[in-house]
Amino acid sequence: MSDGRIITVFAAKGGCGKTTIATNLAVSLWAFGARRVCLVDLDLQFGDVAIALGMRSQRSLCDAVQWTGSLTVERVAGLMTPFRPGLDCLLAPTGPGNAMQIPHTLIDELLPVLRDAYDYVVVDTPAQFNASVLAALDAADHQVLVATSERPSLKNLRLTLDVLDLLYDASARSVVVNRSDRRADLTAADVDQLVRTPITVQLPNWTDVPASINRGEPITVGYPDHPVSQAVREFADVLVASDGRCSRDPPSA
């Protein structure tokens with residue numbers, strides 16, 4: 001079995017900053033070349049990884065369709081768009097209708113191949129439960145669930161946890177509250193009541209983060225000492241130190 005680990009990042013509601021977390025988490029795991037990391041944009045219709053990283057998409061998941069059933073590490077390597085040496089991106093398609101060409105069975109086949117090639121595979125997913133997302137959650141060694149500190153987002157997070165608790169072991173899961181703001185009306189007790197699960201990390205709300213997105217430069221690259229960068233890096237260190245595996249529970253006898 002490969003030593004690579006798959007980390008799937010998911011949010012039940014769009015606009016939570018899920019792609020921002022996925023890209024900065026990938027950079028932090030990469031640690032300026034200490035590990036080989038692949039960032040996969042599985043938002044096949046509206047993927048933003050290329051924009052968030054200031055990249056032009058010349059290759060995408062669509063190029064893997066021709067090898068469905070015969071993917072290899074060598075073939076997958078030709079699909080990558082490098083961001084930095086040792087940090088590669090497998091980007092979402094950009095053409096209209098291209099997402100429909102990618103079967104979820106390709107994702108089932110792709111992720112184990114990537115695990116063989118990289119130390120960490122970070123999968124950025126769309127905010128919906130579709131077959132490709134379930135394939136990424138099935139393959140994940142760790143699930144990262146993202147919400148913001150507003151009641152609707154936290155309510156959706158709780159509903160997501162209820163669904164995932166039926167399918168997966170909760171021990172290899174982290175909850176990230178993005179854009180946390182002490183000036184918000186929600187108290188810690190309110191958050192606990194809404195979510196009813198431990199919050200792994202709260203990322204502070206800074207305008208520097210959207211500014212970094214507009215520059216196409218992750219804040220962990222441009223400002224590694226920024227409070228948000230430090231929080232993401234500490235979270236990445238926790239994941240590296242964790243040996244937890246995330247898999248569907250076997251059916252009852």
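Computed from heavy atoms alone, side chains included, the values below leave out hydrogens, waters and symmetry copies.
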Work out which heavy atom in [X] is nearest to a heavy atom in [Y]; give both atom names and the distance.
X: Cys62; Y: Ile102; answer: N-CD1, 3.9 Å
X: Pro218; Y: Asn24; answer: CB-OD1, 3.4 Å
X: Asn178; Y: Cys16; answer: ND2-O, 2.9 Å
X: Pro198; Y: Val175; answer: O-CB, 3.9 Å
X: Met55; Y: Cys89; answer: SD-SG, 4.0 Å
X: Pro85; Y: Trp30; answer: O-NE1, 3.0 Å

- request: Let me know which of Val9, Val177, Leu161 forms a side-chain contact (heavy atoms from CB on, under 4.5 Å) with Leu145.
  value: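 Between Leu145 and the candidates, side-chain contact (heavy atoms from CB on, under 4.5 Å) is satisfied uniquely by Leu161.
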Residue that, paired with Ser132, satisfies side-chain contact (heavy atoms from CB on, under 4.5 Å) out of Asp108, Leu44, Thr125: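 Result: among Asp108, Leu44, Thr125, Leu44 is the only option passing the side-chain contact (heavy atoms from CB on, under 4.5 Å) with Ser132.
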Which distance, rounded to the nearest 0.5 Å, do you find between the [atom1] of [X] and the [atom2] of [Y]?
X: Ser229; Y: Tyr223; atom1: OG; atom2: OH; result: 10.0 Å
X: Met80; Y: Asp63; atom1: CE; atom2: CG; result: 11.5 Å
X: Ile51; Y: Arg56; atom1: CD1; atom2: CZ; result: 12.5 Å
X: Arg173; Y: Leu164; atom1: CZ; atom2: CG; result: 5.0 Å
X: Asn130; Y: Gln45; atom1: CG; atom2: CD; result: 8.5 Å
X: Arg151; Y: Asn156; atom1: CZ; atom2: CG; result: 13.5 Å

Hydrophobic cluster membership, with links at side-chain heavy-atom distances under 4.5 Å among I/L/V/M/F/W/Y: are [X] and [Y] in one?
X: Val238; Y: Val146; answer: no
X: Val65; Y: Leu111; answer: yes
X: Val73; Y: Leu61; answer: yes

Donor-acceptor pair, side chain of [X] and main chain of [Y], under 3.5 angstrom:
X: Gln230; Y: Asp225; value: yes
X: Glu217; Y: Leu53; value: no
X: Thr68; Y: Leu106; value: no
X: Asp119; Y: Val37; value: no

Side-chain contact, heavy-atom cut-off 4.5 Å: [X] with [Y]?
X: Leu39; Y: Asp88; value: no
X: Thr160; Y: Phe10; value: yes
X: Arg5; Y: Val121; value: no
X: Gln143; Y: Leu137; value: yes
X: Asp141; Y: Ile7; value: no
X: Thr220; Y: Arg233; value: no
X: Leu239; Y: Ser174; value: yes
X: Val144; Y: Phe235; value: yes

So with a 6.0 Å cut-off around [atom1] of [X], is the heavy-atom count from everything else above 12?
X: Trp206; atom1: CH2; answer: no
X: Phe32; atom1: CZ; answer: yes
X: Gln66; atom1: CD; answer: yes

message: Set out, in order, the CA-CA distance, both residues' side-chain angles and the distance that settles side chain to side chain contact (heavy atoms under 4.5 Å, CB included) for Tyr168 and Val163, then state yes or no.
response: CA-CA 9 Å; Tyr168 304 101; Val163 172; over 6 Å; no
- request: With side-chain hydrogen bond (donor to acceptor under 3.5 Å, both in side chains) as the test, would you mind laying out the steps for Thr19 and Asp124 before giving the verdict?
  value: CA-CA 6 Å; Thr19 296; Asp124 184 27; 2.7 Å; yes
- request: Decide salt bridge (Lys or Arg N to Asp or Glu O under 4.0 Å) for Arg158 and Asp165; before the verdict, give the C-alpha distance in whole Å, the side-chain angles of both, and the deciding distance to 0.1 Å.
  value: CA-CA 10 Å; Arg158 183 61 255 174; Asp165 284 345; 3.5 Å; yes
message: Does Leu134 form a side chain to side chain contact (heavy atoms under 4.5 Å, CB included) with Phe129? I'd like the steps, not just the answer.
response: CA-CA 7 Å; Leu134 286 173; Phe129 280 115; 4.2 Å; yes
field: Derivation of the salt bridge (Lys or Arg N to Asp or Glu O under 4.0 Å) call for Arg115 and Asp3
entry: CA-CA 7 Å; Arg115 181 186 271 125; Asp3 291 331; over 6 Å; no
- request: Kindly determine whether Val228 and Asp208 satisfy side chain to side chain contact (heavy atoms under 4.5 Å, CB included), including the steps that lead there.
  value: CA-CA 9 Å; Val228 172; Asp208 297 332; over 6 Å; no
- prompt: Do Ser70 and Arg75 have a side chain donor and acceptor closer than 3.5 Å?
  reply: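 Checked: Ser70/Arg75 side chains pair up, N/O donor to acceptor below 3.5 Å.
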- request: Report the C-alpha separation of Leu29 and Val240 in whole Å, then their side-chain angles, then the decisive distance to 0.1 Å, and conclude whether the side chain to side chain contact (heavy atoms under 4.5 Å, CB included) test is met.
  value: CA-CA 8 Å; Leu29 290 168; Val240 170; 3.7 Å; yes
